[in-house]
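Structure, as structure tokens:
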Amino acid sequence: MMRWGRFGRGAFIVFIVLRYGLDELVLSSFQKPWIRLLARILSVGRDLRSPRSVRLREALERLGPIFVKFGQVLSTRRDLLPPDYADELARLQDRVPPFAGEVAVRTIERALQRPITELFAQFDTTPVASASIAQVHFALLPDGREVAVKVLRPGVLAAIEKDLALLRTMARWLSRLSADGRRLRPREVVAEFDKYLHDELDLLREAANAAQLRRNMQALDLVLIPEMEWSLCHPEVLVMQRMHGVPISHVQRLQDAGVNMAQLARDGVTIFFTQVFRDGFFHADMHPGNIQVSLAPETFGRYISLDFGIVGTLTAYDKEYLAQNFAAFFRRDYRRVAELHVESGWVPPQTRTDELEAAIRAVCEPYFDRPLQEISLGMVLMRLFQASRRFNVEIQPQLVLLQKTLLNIEGLGRQLDPQLDLWSTAKPFLEKWMLEQLGPKRLLEQLRQEAPHLAKWLPALPRLLGQALQASSAPTPEPWARLLAETRRTNRLLQSLLMALVGFVVALLVWQWLPYLSLL
């Protein structure tokens, strides 16, 4: 039965592919006469006047929510797609009919193993939002607190696994049949989509992401993140503090309420760059549907972040790479940018650095002669990715998420304040951050982090020093006297340096342990 169900689903997908003329994406790249004849035969009786990018979006909408989600993820890979395809896929919306409230109640009771009347004083069975993965209901806890309850869509895992299997098959076909298909790396894209989907299917993971962002951003006082009700969280159910705000896309309503839109736009840039460059952990799904603004008197004008299924992370290596790239970019040192690509292993070793440098210069140089408000950091990154494609640059997924989120932030900021100068707003932040990453403060911080490891061999230093002194004072034949004198002078110098290092390490250890010593 399962095999026939998969066969039926596959047949429906083939029908949609032919109905919207998506077979052209594969067959048009072949030069053999019989294949071109096949393409003409298949096109008979079909209305294919719309652009291929539009037909691709419409076909994904017809194929259902999993394929819509795939198109949304694919739209973020602007390093792989032509601009018109990326723009069209970005228009995909998760317009998914809600499932019955009674089904949500049964899911909650099964997951949390308690009747709904014990869990909540009041539960609204009518959902307030519905997407391909889950839907959200409002409720009241027994103590009167308002919460939002996110419930995983029933059967979604089985549907996803079935469609992912078909997507993998289609990706293999596309890779084998077409050179253009291989360039788009469909297998890697499907694997990335698989990871995103399975991350979103675990609501406990989303709750943990929210908790981490809440801790990171608490001191900044610019954004509100809901608190999780951990005793009521489960991989299929997430219960969190209900947030009251105005969707950020309702610009007129925010203006009427007296929100300073220019400041709001600048605050959004600050939040994003703080998450990326200070924490290396950022909300990577910051489209308008997930962002609200508080109008409550005590938190007026502050952002509200929602939906934490997709987050981006940057390692210390990623941040150092970005720091050096930004530093070279600000100096217009395009050769250094190209060298960094080669050093990181993102391009084949045989790549000519001068050719990569010329491609990067062609992308970046025009922006320096334009007014600052016309410069788009997101577009610079996007064009860099596209220019790098012909050099077989392996774009890292975390940096693609960064570029996609930067485009979201930039578009959102300019919607709030058309005069937003993202470049001048971000540049002081980036310069300060680069100084912290590459300057003496960073060196001291790294030494402080290494202090516990240094403490392990610090007790052995006196013994090692004594052994060195004993060796230098041993009787030596006359022919070696002058060499011995020079060696002793060198040893004294090394001993002085070693003692200075020991003093520095001890000072670092005291600095690190001082908070604990005060408790004794």
Side-chain angles (χ1 to χ4, degrees), residues 9-30 35-36 38-97 130-132 163-164 166-171 173-175 177-190 192-193 196-197 249 285 287-289 376 378-379 382-383 385-386 389 400 403-405 407-408 410-412 414-415:
R9 178 66 169 161
F12 177 70
I13 291 173
V14 170
F15 169 75
I16 293 298
V17 166
L18 295 175
R19 166 69 179 79
Y20 287 91
L22 301 187
D23 49 293
E24 287 185 339
L25 296 175
V26 177
L27 299 180
S28 62
S29 63
F30 288 91
I35 293 182
R36 299 178 70 85
L38 176 62
R40 285 197 293 272
I41 292 173
L42 290 174
S43 65
V44 173
R46 294 186 293 179
D47 184 2
L48 304 180
R49 289 174 294 181
S50 299
R52 291 178 183 174
S53 57
V54 174
R55 286 186 271 128
L56 175 60
R57 173 181 60 79
E58 293 174 344
L60 292 176
E61 288 176 335
R62 282 289 306 276
L63 288 171
I66 303 303
F67 281 81
V68 167
K69 178 69 73 173
F70 177 67
Q72 291 172 340
V73 172
L74 190 62
S75 72
T76 69
R77 297 306 307 263
R78 290 179 176 266
D79 58 309
L80 301 179
L81 294 173
D84 57 328
Y85 281 83
D87 292 340
E88 195 64 37
L89 291 178
R91 297 179 56 195
L92 287 170
Q93 300 294 324
D94 244 344
R95 295 187 292 267
V96 181
S130 179
S132 56
D163 280 349
L164 279 174
L166 291 170
L167 281 172
R168 293 188 194 102
T169 301
M170 294 166 65
W173 290 348
L174 190 59
S175 296
L177 293 175
S178 167
D180 286 340
R182 285 189 294 274
R183 180 179 59 78
L184 292 176
R185 293 186 289 171
R187 293 185 186 184
E188 288 83 351
V189 172
V190 172
E192 192 173 321
F193 176 55
Y196 287 154
L197 268 183
S249 56
D285 199 17
H287 61 75
S376 165
M379 292 302 294
M382 186 184 76
R383 289 198 60 198
F385 289 168
Q386 290 174 340
R389 187 167 56 201
V400 174
Q403 177 259 336
K404 169 248 189 185
T405 309
L407 280 173
N408 284 345
E410 199 165 42
L412 190 60
R414 293 227 165 109
Q415 180 183 357

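Here the structure is a predicted model, which is why all the values come from computation and not from measurement.
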Close side-chain approach of S53 to L56, heavy-atom, < 4.5 Å: no

Residue pair R57 / Y85, side-chain heavy-atom distance below 4.5 Å: no

As an exercise, state the distance from CD of E88 to CZ of R55, rounded to the nearest 0.5 Å. 11.5 Å

